[in-house]
Amino acid sequence: METEVVEAEMVLPSYLGFKKVQGYDKYPKSQSSTRRFKHLKQIIQSEVYPPDEPNYVSIESPPSAHPAKRVCDITGYEAPYHDPRTKLRYANTDVFKTIRALPSEYVQRYLALRNAAVVLR
Amino acid sequence: MPVVSQIQRQLDYSLIPSSTPIVIDNGTSYFRIGWAGEDDPRVVFRNIIQRPRHKTTGETVTVVGDHDPALFKYFDCSRSGPRSAFDSNVVYNFEIMEWILDFGFDRLGANGSGIDHPILMTECVCNPLYSRSKMAELLFETYGVPSVAFGVDGVFSYKRNQQLGVCRKDGLAVCPGFMTTHVIPFINGEPDFRGSCRTNIGGFHVTDSLKQLLTLKYPYHMSRFTWEKVEDLKVEHCYIAPDYFAETRLFQKGAPEAESKTRCWQLPWVPPPVEEGPSEEELARKAAIKEKQGQRLREMAEAKRYSKINELENELRGLEFLLRQLDQVEASGIPSFLAETGYVSKQEVESAWTKASQSLRKVKGEQAELEDKPDQSPSEKFNLIDVPDDMLTAEQLKEKRRQIFIKTSAEGRQRAKQRRLEAELERERRNQEDEERRLENPELYLEQLHVKYKELSEKIEQRKRLKTNGGHTNGNNQSGGVGRGERLNAAQRERMRLLTTAAFDRGKGEDTFGARDEDWELYKLMSRDNDDEDEGPDPDEAELIRISSRLQELDAAFVPKLEMGISQPAIEVPKFRPLTEEDYRVVLGVERFRCPEILFNPNFIGVDQVGLDEMAGVSIRRLSCKDQELEDKLTQSILLTGGSSAFPGICERLEAGIRMIRPCGTPIKVVRAVDPVLDAWRGASAYAAALQFRSQTFTKMDYYEKGEDWLRRYQLQYSL
């Protein structure tokens with residue numbers, strides 16, 4: 001290790017005195033950690049929820065009761081219109097021209113900002 | 001205020017009695033650890049790890065928290081992005097959690113065997129049992145902790161502010177965090193989680209949306225917009241507008257207030273060194289060299305011409321001499337005379353002579369009168385046409401037919417020439433008109449050209465696409481191998497269709513295709529279809545080329561679209577004009593308040609949940625207490641805490657929003673926590689320092705004996 005790295009003590013040492021069980025004993029190298037642990041979705045699914053108590057899922061907020069504000073995807077102004085071809089929202093004709101000139105990669109990224117991109121997989 | 005990590009190793013671990021609890025604020029963004037009773041956490045760092053590979057030794061090491069980026073040059077960080085132990089706001093990856101705890105304890109100065117202090121740790125509201133139990137297991141088993149307590153960070157923050165007198169014992173805590181935002185009602189100093197509410201929007205989403213917007217707007221500077229830099233920008237420049245649309249209207253109109261609200265970030269830019277035009281001497285020298293070369297070439301051409309002229313003249317003289325000799329010789333003696341020279345008859349000699357003289361004339365520079373040839377005495381050539389058939393002999397008939405043929409072809413040529421002339425005139429006229437239109441309204445003309453170009457290119461692209469993958473409307477070109485691709489071509493499909501229908505037309509079961517001649521017409525049909533397609537695009541492509549060349553001359557910023565299929569970032573700076581200082585300026589106008597707006601309007605990102613203001617209403621509704629007084633008490637003490645509550649203007653906006661949804665005239669008071677970032681830790685520290693804290697913890701024995709159900713129902717009593 002280079003001296004400055006050692007000095008900065010960036011790297012986590014593999015042996016730590018205060019631990020009862022060291023990391024290399026506990027987690028064998030075989031399985032990658034991503035598959036060893038359940039993700040949130042799986043955790044929630046496998047939980048048993050008694051009916052009356054508040055739990056992680058019941059706390060979730062409902063959808064909004066106000067009508068959604070339509071905001072132009074490119075400029076951020078109010079956007080009463082949307083382009084039927086690309087499904088982007090735009091505020092005025094100049095923005096519309098820019099939209100029509102965009103390559104499709106950018107269109108998808110703008111839509112993804114709004115979580116409206118169609119992912120074909 | 002950007003949080004600066006403190007990771008200095010603490011040296012007084014052994015001096016602290018083992019009854020003092022360690023307080024950990026295990027937040028989604030930052031990890032804070034310290035001793036109970038103190039005012040500030042000892043160690044603070046970003047709650048992420050990275051596992052880069054060391055370049056020389058090749059081993060993979062773990063790096064916790066954020067470090068000086070310069071030190072990372074010894075590591076290959078390409079395959080290791082920052083990873084977090086959290087999924088949304090719940091800990092799920094306990095291996096990463098263990099590394100983080102390792103680092104935290106290590107920097108706190110832990111030594112000796114085991115961590116011999118009770119631990120108070122924060123968790124999220126209504127943490128799932130799985131996460132809680134795994135965490136308890138980790139602390140008991142791996143670190144040997146004697147007792148553990150879990151509490152909610154937002155609640156600790158509220159309690160601390162309550163002690164400071166900022167808010168009352170009945171109230172609402174609004175905590176926008178890093179990944180989520182909570183609203184927790186308090187009744188009599190205790191949180192009531194039945195009325196709590198969580199939206200999955202936090203500071204992370206604000207930064208992420210700002211980053212995306214900037215990268216889309218300035219793709220040229222994409223590498224500049226790192227996560228850390230964008231967070232700094234967010235903290236420094238973002239604010240929440242009291243009314244989003246009013247603010248955007250200001251910007252749309254271009255009002256002077258909008259100007260003052262725009263912030264510009266000038267990236268370093270060095271103007272390219274101006275190439276000085278070649279000096280006068282250089283130019284003169286180059287011109288002289290070119291002149292000399294030209295002269296040399298011309299001389300060579302002249303020499304060649306002279307030699308050719310000489311040759312031809314010699315030949316001509318020779319032929320003339322021969323002719324004169326022929327004149328003198330008798331008619332019968334000609335063949336023998338000519339046998340020596342290689343010419344068969346007098347006519348040949350004469351024709352050779354005419355040819356030689358013509359080429360001589362051409363070389364000498366006289367115009368070869370090609371045009372006159374077909375006009376050579378048209379009248380005598382066609383003298384036989386008008387004579388009716390029965391008056392001519394057989395030979396003359398043949399002659400007549402020949403003349404008719406020549407005449408019609410000559411006429412045809414004339415007509416073709418006429419048409420060409422007319423087409424030329426037409427084109428000239430159209431160019432003229434074009435020029436006029438351009439002169440009178442250059443912009444409009446340019447726009448029209450652009451539009452035409454785009455349409456044409458799209459049409460051609462589409463046709464090409466149809467040709468190569470007919471039915472593939474989604475871009476998923478993962479067809480296995482060549483066979484499938486061929487079959488799906490529209491033309492191929494058509495052929496298959498024709499073949500199969502023809503085959504089926506016969507009768508059932510019997511294949512008598514080919515017995516009749518008409519069947520083979522099928523193939524003619526198929527090949528005709530194929531040919532038709534190939535002819536199509538040519539006029540369009542020619543038009544496209546014409547328009548693109550025109551655009552290139554007129555519009556300096558026009559970049560002709562290259563081979564279709566390669567998607568260029570068309571918003572890249574066109575390389576035809578020199579980059580100016582302006583291109584290197586990042587302008588933050590609407591983005592300043594558009595990004596934090598998602599806290600109030602998660603719909604901007606597509607998250608279908610309520611925003612901050614409505615969350616308060618939902619929370620109160622969920623409490624379902626019919627007591628109007630209690631509700632008023634709640635709204636009178638609304639505390640804003642948490643890392644993402646530091647935007648200017650958030651208090652006013654929240655107040656206005658809550659006023660909209662509560663009955664008219666309710667008293668509303670929104671206060672901000674004294675220190676939105678550190679208050680959670682401070683509250684926890686004060687809690688752990690209290691005497692009754694011990695009774696709120698549970699030990700290893702409790703954990704194993706009392707079982708899961710008990711652990712689920714375990715909850716701190718926050719007012720001690």
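Chain letters run A, B, ... following the sequence lines, proteins first and then strands; every chain starts at 1.
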**Q** Tell me, side chain or backbone of A:Thr75 under 4.5 Å from chain B's heavy atoms, or both, or neither?
**A**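 The backbone, not the side chain.
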
**Q** Output the option from A:Lys20, A:Gln22, A:Glu60 having the highest count of non-hydrogen pairs under 4.5 Å with chain B.
**A**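 Option with the top pair count is A:Glu60.
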
**Q** Quick one: which of B:Val64, B:Val90, B:Asp208, B:Asn111 has the most heavy-atom pairs under 4.5 Å with chain A, could you say?
**A**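 Max contact count across the listed options: B:Val90.
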
**Q** Compare every heavy atom of B:Leu213 with every heavy atom of B:Cys595, then report the nearest pair and how far apart it is.
**A**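 Taking every non-hydrogen atom into account, SG-CD1, 4.0 Å.
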
**Q** Only pairs of heavy atoms separated by less than 4.5 Å count here; which of A:Val48, A:Val21, A:Ile59 has the most with chain B?
**A**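 Looking at each of A:Val48, A:Val21, A:Ile59 in turn, A:Ile59 comes out on top.
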
**Q** Let's test your reading of the structure: which of B:Ser131, B:Gly114, B:Ser113, B:Ser209 forms the most heavy-atom pairs below 4.5 Å with chain A?
**A**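 Ranked by heavy-atom pairs under 4.5 Å with chain A, first place is B:Gly114.
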
**Q** How about B:Ile7 and B:Phe103: do any of their side-chain heavy atoms sit closer than 4.5 Å?
**A**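 In contact.
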
**Q** Which of the residues B:Gly606, B:Gly144, B:Gly589, B:Cys126 is involved in the greatest number of heavy-atom pairs with chain A at under 4.5 angstrom?
**A**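 Going by pairs under 4.5 Å, I would pick B:Cys126.
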
**Q** Consider only side-chain N and O atoms of B:Gln609 and B:Asn603, and report whether a donor and an acceptor are under 3.5 Å apart.
**A**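 The answer is no; no qualifying pair exists.
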
**Q** Is the shortest heavy-atom distance from the side chain of B:Val63 to the side chain of B:Pro52 under 4.5 Å?
**A**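 Contact flag for B:Val63/B:Pro52 side chains = yes.
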
**Q** Could you tell me which portion of A:Glu47 (side chain, backbone, both or neither) has an atom closer than 4.5 angstrom to a non-hydrogen atom of chain B?
**A**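 For A:Glu47, the side chain is the part near chain B, not the backbone.
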
**Q** I need the residue from A:Asn115, A:Val57, A:Asn92 with the largest number of non-hydrogen atom pairs under 4.5 Å to chain B.
**A**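 With the most close heavy-atom pairs to chain B, the winner is A:Asn115.
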
**Q** Which bit of A:Ala65 comes within less than 4.5 Å of chain B, counting heavy atoms only: side chain, backbone, both or neither?
**A**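 For A:Ala65, heavy atoms of backbone and side chain both lie under 4.5 Å from chain B.
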
**Q** Would B:Phe593 and B:Phe251 satisfy ring pair (Phe, Tyr, Trp, His ring centres under 6.0 Å), going step by step from the backbone distance to the final call?
**A** CA-CA 11 Å; B:Phe593 58 90; B:Phe251 276 81; 5.6 Å; yes

**Q** Please flag which part of A:Glu78 lies under 4.5 Å from any non-hydrogen atom of chain B: side chain, backbone, both or neither.
**A**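 Both parts, backbone and side chain.
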
**Q** Considering residues at least two apart in sequence or located in another chain, which fulfil the salt bridge (Lys or Arg N to Asp or Glu O under 4.0 Å) criterion with B:Arg132?
**A**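 Residues passing salt bridge (Lys or Arg N to Asp or Glu O under 4.0 Å) with B:Arg132: B:Glu123.
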
**Q** Please determine, among A:Lys19, A:Arg114, A:Arg100, the option with the most heavy-atom pairs under 4.5 Å with chain B.
**A**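 It is A:Lys19.
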
**Q** Using non-hydrogen atoms and a 4.5 Å limit, figure out which bit of A:Leu16 sits close to chain B: side chain, backbone, both or neither.
**A**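 For A:Leu16, the side chain is the part near chain B, not the backbone.
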
**Q** Between B:Arg194 and chain A, with a heavy-atom cut-off of 4.5 Å, which part of the residue counts as in contact: side chain, backbone, both or neither?
**A**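 Contact with chain A is through both the backbone and side chain of B:Arg194.
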
**Q** Sort out for me which of A:Pro62, A:Gly17, A:Pro50 touches chain B most, counting heavy-atom pairs under 4.5 Å.
**A**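 Max contact count across the listed options: A:Pro62.
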
**Q** Can you tell me how the ring of B:Tyr13 sits relative to the ring of B:His117, calling it parallel under 30°, perpendicular over 60° and tilted otherwise?
**A**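 Rings of B:Tyr13 and B:His117: perpendicular, over 60°.
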
**Q** Is chain B contacted by the side chain of A:Tyr49, its backbone, both, or neither, given a heavy-atom distance below 4.5 Å?
**A**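 Neither part; nothing is under 4.5 Å.
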
**Q** Is A:Ser58 in contact with chain B via its backbone, its side chain, both, or neither, using a 4.5 Å heavy-atom distance?
**A**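 Just the backbone, heavy atoms under 4.5 Å.
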
**Q** Need one label for B:Arg51: side chain, backbone, both or neither, based on atoms under 4.5 Å from any heavy atom in chain A.
**A**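 Contact with chain A is absent: no heavy atom of B:Arg51 under 4.5 Å.
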
**Q** Could you please spell out the steps behind the ring pair (Phe, Tyr, Trp, His ring centres under 6.0 Å) verdict for B:Phe105 and B:Tyr143?
**A** CA-CA 10 Å; B:Phe105 285 137; B:Tyr143 296 101; 5.1 Å; yes

**Q** Should A:Leu12 and B:Asp102 count as side-chain neighbours, where that means a heavy-atom distance under 4.5 Å?
**A**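 Heavy-atom side-chain distance check passes, below 4.5 Å.
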
**Q** For A:Ile43, which atoms come within 4.5 Å of any heavy atom of chain B: side chain, backbone, both, or neither?
**A**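 The answer is the side chain of A:Ile43.
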
**Q** Within 45° of the axis and under 6.0 Å from the centre of the six-membered ring of B:Tyr92, does NZ or CZ of A:Lys38 qualify?
**A**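 Checked: cation-pi criterion not met.
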
**Q** For the ring pair A:Tyr81 and A:Tyr90, is the centre-to-centre distance below 6.0 Å?
**A**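 Between A:Tyr90 and A:Tyr81, which both carry aromatic rings, the centre distance is below 6.0 Å.
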
**Q** Specify which of A:His66, A:Arg109, A:Glu53 makes the most heavy-atom pairs with chain B at under 4.5 Å.
**A**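 Option with the greatest count: A:His66.
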
**Q** Check each atom of A:Ile74 against the heavy atoms of chain B and say whether the ones under 4.5 Å are side chain, backbone, both or neither.
**A**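 The backbone, not the side chain.
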
**Q** Just checking B:Tyr244 against B:Phe604, ring centres under 6.0 Å apart?
**A**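 Between B:Tyr244 and B:Phe604, the centre distance is under 6.0 Å.
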
